[in-house]
Structures are given as structure tokens and as C-alpha cells.
Engineer: 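Handing you this structure, nothing more for now.
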Amino acid sequence: MQPTSRDEFQIAIICALSSEADAVTLLFDQFWDEESDPYGRAKGDTNHYITGRLGKHNVVLAILPNMGTNSAAAATASLRSSYSNLKLAFLVGVCAGVPKVGDYDVFLGDVVVSKAIIQYDFGRQYPGHFEVKNTVEDSLGRANKDIRAMLALFETEHMREILQAKATGYLKQLQAIARKKRRRAKYQYPGIAEDRLYLPNYIHRHGNSCETCGESNDLGSTCESAARTLCIDLGCEETQLVKRDIPFENDSDFTSTIFIGRIGSGNTVMKSGEVRDWIASKYSLIAFEMEGAGAWEEVPCIVVKGICDYADSHKNKQWQDFAAATAASVMKAILDRYIVTDAAQSLATVQPNGQTNGQPNGQPNGEA
């Protein structure tokens, strides 16, 4: 039933990029604001929202004006001022993955879910090394009990299999809707041949023809032109690729693996394989992203992000659409298991005329 006020929303979704929000909205079952915004916002709130229903939950979607922890903190605080009864927020989008989690290889399109957040660029710079501030006073801490209990459930083999199966179904649904709507984003799996992981110390740069990033430069500097050039066009050597056992035979067999663990968050874009491995090992991280630390303290939060690169210098945007789609699909699968409180359910009462508290029911999306 359509909510009558902002007080009836318990679930928020936050995206840093419009392209990430595009993937999420393809999985909405209904929209409450197709003709106008029926809910408004609190004084001083500069966010703009999309409202609707995902499964049995009413959700509000906010898109950040900029990337980074500071933007996320400000926007989430404004979100909380307008939607004061939020119980859970999902930060959904793309991230950079750590190539190996425990004994498992990680592949582009896999999805990470936050058990905790480490702000890896917040700390003290000593001569020769940097230390993250991780005392009790400085730490972002664990998620609340409600979130921890739900994530503990998903860490069981049985529930993880169910979660991955549901997410796979939602991904196929998202792809079908995108085709029907003729969306420009490329939500199909790019193919394992396009999933290239290079050795950590192999840098994406020009040869000696470039003064800035030539191979003779021991500092490992790269120029902006190299950073914008694809590996295949730059001539990155295939002999420098990491050899991995592919867990599937054909591209059509690919299924996103869900990893639950500690995620690094900061305002710095990670573009070094060696630094990535050092920080990930020291703080037991499974991925890097740029908004979680800002949203974490404002509202109970779960970061759900699809891996679109390996946090090294060999970055490209080829995988962003697919990774955003896999993240959106996992988020909806998690939300299916989230239990809304009785108080929130009782707020929406059905009147004799079939309407909810005098408000007309929302029109179904018809395709989700």
C-alpha cells in the first residue's frame, strides 16, 4: 500500500552515481512519484528523492551530488532529517575489489557486502608510514545488532546459496527490463576474456617514449593519457596477467559470488596493486569504495557493491554497468529477507474504499 507520509518509510537506498541508481530503479516494483513528489522534504534538505516499493518494502532512493565520504555524510544527514524513521540504508553501486579473499579468487561482477567499514585514509602520517586511526574513539565500529544478525544468517552456506540464487533471478529480470526499455547501459556480462588481473607491481603506463610514465621512471608515475587508455590500446603485456582457475566453463555460466566482510572506505581512489594488497592485508579488507564511511554514522547502513575493477592502475569503465546491476540484484535479494517492524506495518491502514489512509494506491511499474 502507498505510504501516506515520510514517517512510513523504513528503508533508504543511497547511490553515488546516476548510473548506479538507474540499475536500482529497474528493480522497483512500483513508483510512488511518477506524476509528482507526494512526500516533500524537511527544511534545509537539499536532496531529491525517488520513492517506491521493492517487494514488500517502501523505499526512498537518494543520489549523491558528488562522490566521496564528505558528500555521503552530508546527504545522508539530510536524508535522515526528512525520513526520520529509517531503520536501514543500503549504499549500492560499484567498487574496487581485492583479487583474493581467503582461499577464493574474486572476479569482476562479484558483489561485496559490508560487515564493517574501515576509513583507511583517516589517520596519522608518520615519517615513512601512515597509520589508520583505529582506537575505540576513532573507529566507525560494527553494524548494529539487527544488521549483524541478518548478515550472520547470510554467512551460513544454506542462506548464502539462497541469496545468490535470488540475486541471479533479479539480475536476469533487470537485464530483461533494460532490454525492453532499450536502456543504453550495458548490463550483460562482458565476458571472462575481458576480466584481466595484472601482477600487483605491473603498472599501466607508456613505454620509454613518454617522459612522465616511461619504464625508466623508477617512481612508477603515469600520465593522464595512459590512465585514460585501455590496456589493449596501451599494449599492456599478457605475460603480466595473473593466472587463475576459472570456476566456470562458459560466460553464460557466470554467477556473482557474494563476499561478506570488512570494506575500506575513503576519499582516495585506490589505483595501485601493491598499495591495495598492503592495506587489504593489514586491515583484512575485501574491497575499496568511497562513500560508506560518510553514511555509516548517520544511519544503520549496509554497503552492497559490485566489483568493477581490481583497485590497480589498469582501470576502465567497461564493467561498471554490469557491476552496478549485480549489486542492485543482491541488494533486493537481501531486502527480501529484512523483517519490517510491526509498528511500521500498522501505520498503513486500508480504508473501506480500498485506499490507504485516504491516498490512492500507487500505480504498478508493470515490468518489474
Side-chain angles (χ1 to χ4, degrees), residues 12-28 31 33-34 47-52 54 59-69 71-72 75-76 79 89-97 107-114 167 170-191 194-195 227-228 230 254 256 263 265 267 269-271 287-292 294-295 301-311 314-335 365 367-368:
I13 301 170
I14 303 166
C15 294
L17 302 171
S18 296
S19 57
E20 297 168 340
D22 281 339
V24 170
T25 55
L26 284 171
L27 290 176
F28 270 51
F31 292 97
D33 52 9
E34 289 187 314
N47 294 334
H48 291 265
Y49 301 107
I50 297 172
T51 55
L54 280 169
V59 298
V60 53
L61 168 64
I63 306 172
L64 302 183
N66 301 291
M67 297 175 64
T69 60
S71 176
T76 308
L79 168 65
F90 289 95
L91 191 57
V92 183
V94 299
C95 70
F107 294 90
L108 300 183
D110 287 344
V111 177
V112 297
V113 178
S114 63
Y170 284 134
L171 176 61
K172 292 178 179 178
Q173 181 183 10
L174 184 155
Q175 292 167 334
I177 296 171
R179 286 194 298 269
K180 186 174 183 179
K181 290 178 174 288
R182 302 181 70 179
R183 291 288 178 90
R184 289 171 292 181
K186 299 178 181 178
Y187 295 121
Q188 300 301 313
Y189 179 60
E194 303 301 321
D195 187 343
R228 292 193 298 266
L230 296 177
F254 174 83
S256 297
I263 295 176
S265 183
N267 287 310
V269 178
M270 182 62 66
K271 296 187 70 172
F288 295 88
E289 60 87 65
M290 298 181 65
E291 290 78 33
C301 184
I302 299 178
V303 177
V304 181
K305 295 206 169 183
I307 296 172
C308 66
D309 63 64
Y310 291 114
H314 303 273
K315 285 177 175 283
N316 67 72
K317 297 184 178 181
Q318 182 178 8
W319 287 82
Q320 286 193 350
D321 290 339
F322 181 71
T326 60
S329 302
V330 171
M331 177 275 299
K332 188 169 184 180
I334 292 174
L335 189 54
N365 189 14
E367 295 173 277

Engineer: Of all heavy-atom pairs between T326 and G109, which one has the smallest distance, and what is that distance?
Structural biologist: OG1-O, 3.2 Å
Engineer: Could you tell me if the side chain of C95 sits less than 4.5 Å from the side chain of I307, heavy atoms only?
Structural biologist: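 When only atoms from C-beta onward are counted, C95 and I307 do touch, with a gap below 4.5 Å.
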Engineer: Is it the case that the side chain of E291 and the backbone of T69 share a donor-acceptor pair, with hydrogens and angles ignored and the cut-off at 3.5 Å?
Structural biologist: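 Answer holds: no.
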Engineer: Treating N47 as the side-chain partner and A75 as the backbone partner, does any N or O pair qualify as donor plus acceptor under 3.5 Å?
Structural biologist: yes
Engineer: Anything under 30° is parallel, anything over 60° is perpendicular, the rest tilted; go ahead and classify F322 against W319.
Structural biologist: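 Answer is perpendicular, since the angle exceeds 60°.
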Engineer: With V24, which of I13, L174, I63, I14 fulfils side-chain contact (heavy atoms from CB on, under 4.5 Å)?
Structural biologist: I13
Engineer: So, for F31 and T25, which heavy atoms are closest and what is the spacing to 0.1 Å?
Structural biologist: CZ-O, 3.5 Å
Engineer: Would you mind telling me which of V303, V304, I263 makes a side-chain contact (heavy atoms from CB on, under 4.5 Å) with V112?
Structural biologist: I263
Engineer: Between V94 and A324, what is the shortest heavy-atom contact and its length?
Structural biologist: CG1-N, 3.6 Å
Engineer: Looking at residues at least two apart in the chain, or sitting in another chain, which of them share a side chain to side chain donor-acceptor pair (under 3.5 Å) with Y189?
Structural biologist: none
Engineer: State, yes or no, whether a side-chain contact exists between Y187 and D22 at a heavy-atom distance under 4.5 Å.
Structural biologist: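 Y187 reaches D22 side chain to side chain.
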Engineer: Taking E20 for the side chain and L17 for the main chain, is one N or O donor matched with an acceptor at less than 3.5 Å?
Structural biologist: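 Such a contact is found between E20 side chain and L17 backbone.
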Engineer: Please check if the side chain of D321 supplies one atom and the backbone of A185 the other of a donor-acceptor pair under 3.5 Å.
Structural biologist: no
Engineer: Ignoring hydrogens, what is the shortest heavy-atom contact between C308 and L108? Give both atom names and the distance.
Structural biologist: C-CD2, 3.8 Å
Engineer: Quick one: does K332's side chain have a donor or acceptor within less than 3.5 Å of a partner on L27's backbone?
Structural biologist: yes
Engineer: Please answer whether the main-chain N or O of M67 pairs with a side-chain N or O of S71 as donor and acceptor at a distance below 3.5 Å.
Structural biologist: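 No: the side chain of S71 does not pair with the backbone of M67.
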Engineer: What's the shortest heavy-atom distance between C301 and A295, and which atoms?
Structural biologist: SG-CB, 4.3 Å
